[in-house]
Number of protein chains: 2
Amino acid sequence: MGITLKELAQSLGLSPTTVSRALNGYPEVNEDTRWRVMEAARKLNYRPNTRAKSLATGRAQAIGHVIPVSDQHEIVNPVFADFIAGAGESYTRAGYDMVISVVADAEEAQVYRDLVGRGTVDGLIVHAPRQQDPRIPLLRDLGIPFLVHGRSSGVERPYSWLDINNRRGFARATDFLLDLGHRRIGFVNGLEVMDFAARRRSGYLDALAGRGLRADPALMQSAEMTETNGYRAARRMLALPDPPTAFLVSSMLLAIGVRHALWEAGLHMGRDVSVITHDDDLSYLKNGDEVPIFTATRSSIREAGRLAADMLLELVGQRTEAPLTRLLEVDLIIGQSTGPCPQRQRDSA
Amino acid sequence: MGITLKELAQSLGLSPTTVSRALNGYPEVNEDTRWRVMEAARKLNYRPNTRAKSLATGRAQAIGHVIPVSDQHEIVNPVFADFIAGAGESYTRAGYDMVISVVADAEEAQVYRDLVGRGTVDGLIVHAPRQQDPRIPLLRDLGIPFLVHGRSSGVERPYSWLDINNRRGFARATDFLLDLGHRRIGFVNGLEVMDFAARRRSGYLDALAGRGLRADPALMQSAEMTETNGYRAARRMLALPDPPTAFLVSSMLLAIGVRHALWEAGLHMGRDVSVITHDDDLSYLKNGDEVPIFTATRSSIREAGRLAADMLLELVGQRTEAPLTRLLEVDLIIGQSTGPCPQRQRDSA
DNA sequence: CCAGGCATCCAAAGCGGTTTGGGTCATTGA
DNA sequence: TCAATGACCCAAACCGCTTTGGATGCCTGG
């Protein structure tokens, strides 16, 4: 490890006090001296010890992320990679560290108490909120700044969050399909204990209701968002006596599974059957190049990570209680996976 | 935040010394006293302050992961989510924190120096090593325990690593295809500046050479491992005058792209064209259920994360210099994506 | 000429733990 | 009976940094 502040001070013939002040930009130090100190620090490769600094200041200069792993399926949501990447950029810029705990749903509360109690972090990001998520009141009680990525319906008191407008996005997508003449729209959603999935569902239902249509339970699926689940859901729905002519899907991975099922059934995506998916704009799962493969509701999860981190840092900085909230609209981008309902064309012919 | 050790001691009428010793299992404390202390700690919800503890002991109780983001494409390798999940389990079990820095290739060295200099972590995991990766000598110079996930050809002095046998795995896969009669095997690889990709390539080439076959450059592709790149590579190769009858692919995502291209070309995977892919056994990208979709060389990245973390913790614990290394063999699992070469069947008919 | 103000710097007291180097008292062996 | 030995506990130093509360010397204005 490197040199210590005391050593640096000694080598300069100065007191630790002055050196500390010089490095941290306090005014009560001569500019010449400051310059000498900075130079020496650079030359000797001095870096203040994080732990000592934190101990002295009371700030950990670190933000915690608790990544939940669903107990049943042991699935890690793949969007975390990109979210973390985005958040990491913000932290790096602000000189904060990011500490991550991967933890089974059941032990989450314990982990939060621990992180806060041991003073490891100054703030926390809450991932994958469910409805009436107990973590939100817990964290308020613990008295640490936190920001929820998403929202949690049913939590009465206000809290800070960053979310996308899932309901409206999915309502628009559904409307888009309805406008194309589709009436039987298969809905392949994520687990609906997740708040985002519940909101998407109500967007879907609202849009149907807006045209006086009733949802068919056989056309609604809720499961972990994997390629195989998308495949299976589509396959099952396509086998119905009155199969869907379009699919509304909650993630690219699901959508790829749906596409798989369509091909297998000899159906051409975008002509025989339409597909709209939500697209998190993941770096390793791009939706085509210039012209998107899938028509999609798109919102960059990486950008969300950046913004969420920035918001949390603000909360941490100014110890204000006022909750920060931000709702991002999603883009509806048109790709090659949607087209008029063939059934309808036949009708009109 | 919680109660402090001094306060806890006061509430018990004991000195901080004794309380500290009681909690940390030192022998010079009466068992009754220890029990009283433990009880009080539990009841008052005492948690030792990480920073203070680290400062006193000199150990950060934290491991760092530096996640590289390729400058050009800004792509975060999706396997990190699962690797991190695996490593996280080990850290949690051992009472270590995990701090993550996401950083552009170019700034990596700086970040390593920083993490070490500021004493934020006791050890580091090096991800995605390239050939002759400069980070390895750098970290040795910095004198911090580290473990490389993968290896780096061309680094002379020994270092600790955990890797899978990429060369042999891909040689076996190639042999398997050759045994099925395939002679033109398209190779869709990751970026070959990455060490793992280079090794896979040599596995592929060795197997071909073993049968006296010369590799066709037109059948070899090296690119970032995304679905679109897989699709494009396969599409291009299928358009050749003498297209491949089989594909050897470096990741599930690439393979899904290849599958896409096959369908588009009206080819049935497993009958008309065979595909073998490497399968990292990602939680959100399972290769089918009971019977795998793709024939694959499989090795769980999550398990690798667990093992890597365990090895690093061992290095950190016993300050021995002896490098730890471990080479995992990959399984070759048979799925539905491979079959005899149709060309050959015609020949033999 | 002198008090007050200003620019600079420093000693020392924390931050919340661990650890060294004793103390005190009861027990034990000769 | 008495020194030696444990068992048990504590005071204080220390980890590396920040920050409070002065010091010191020079400059100004009345």
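Keep in mind that what you see is a predicted model, and the values were worked out from it rather than measured. Order of the sequence lines fixes the chain letters, A, B, ..., with proteins taken first and strands second; residue numbering starts at 1 for each chain.
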> Under 4.0 angstrom, heavy atoms only, what part of the nucleic acid is B/T4 near: base, sugar-phosphate, or nothing?
Replying inline: sugar-phosphate
>> If you compare every side-chain N and O of A/K53 against the phosphate oxygens of D/dG16 (OP1, OP2), does one of them come in below 4.0 Å?
In response: no
>> From the set C/dG14, C/dT19, D/dC15, return the single nucleotide nearest to any side-chain atom of A/K6.
In response: D/dC15
>> Is it the case that the side chains of A/D195 and A/S153 hold a donor-acceptor pair, with the cut-off being a distance below 3.5 Å and no angle test?
In response: yes
> Taking for each residue the nucleotide of DNA chain D bearing the nearest heavy atom, is the 5' side occupied by B/L55 or by B/T17?
Replying inline: B/T17
>> I need the CD-P distance between A/Q10 and D/dG16, as an integer number of Å.
In response: 13 Å
>> Tell me the interatomic distance from B/Q61, atom CD, to C/dG17, atom C1', rounded to whole angstroms.
In response: 13 Å
>> In this structure, how many angstroms lie between the P atom of C/dA7 and the OH atom of A/Y26, rounded?
In response: 18 Å
> Do A/Y96 and A/D122 have side-chain heavy atoms sitting under 4.5 Å apart?
Replying inline: yes
> Where the side chain of A/T33 is concerned, which of C/dC10, C/dC15, C/dC9 is the nearest nucleotide?
Replying inline: C/dC9
>> Tell me the interatomic distance from B/L5, atom CG, to D/dC10, atom P, rounded to whole angstroms.
In response: 12 Å
> OP1 or OP2 of C/dA7 less than 4.0 angstrom from a side-chain nitrogen or oxygen of A/N30, does that happen here?
Replying inline: no
> So does B/R21 reach the base of C/dT20 with its side chain, donor to acceptor, closer than 3.5 Å?
Replying inline: yes
> Roughly, in whole Å, what's the span from CG in B/N24 to P in C/dG16?
Replying inline: 17 Å
>> Please report the distance, rounded to the nearest Å, between CD in A/E28 and P in C/dA7.
In response: 11 Å
> In terms of the nearest nucleotide of DNA chain C, which residue is placed more toward the 5' end: A/T57 or A/G13?
Replying inline: A/G13
> Any side-chain N or O of A/N49 under 4.0 Å from OP1/OP2 of D/dC17?
Replying inline: no
>> Ring centres under 6.0 Å, that's the criterion: do A/H149 and A/F196 meet it?
In response: no
> What is the distance, rounded to the nearest whole Å, between atom CG of B/L23 and atom P of D/dC9?
Replying inline: 13 Å
>> Checking contacts here: which listed nucleotide (D/dT19, C/dG16, D/dC9) is nearest the side-chain heavy atoms of B/T18?
In response: D/dC9
> Are side-chain heavy atoms of B/F83 and B/H127 found at a separation under 4.5 Å?
Replying inline: yes
> D/dC10 P sits how many Å from B/L14 CG, rounded?
Replying inline: 5 Å
> Any side-chain donor-acceptor pair under 3.5 Å between B/S20 and B/T17?
Replying inline: no
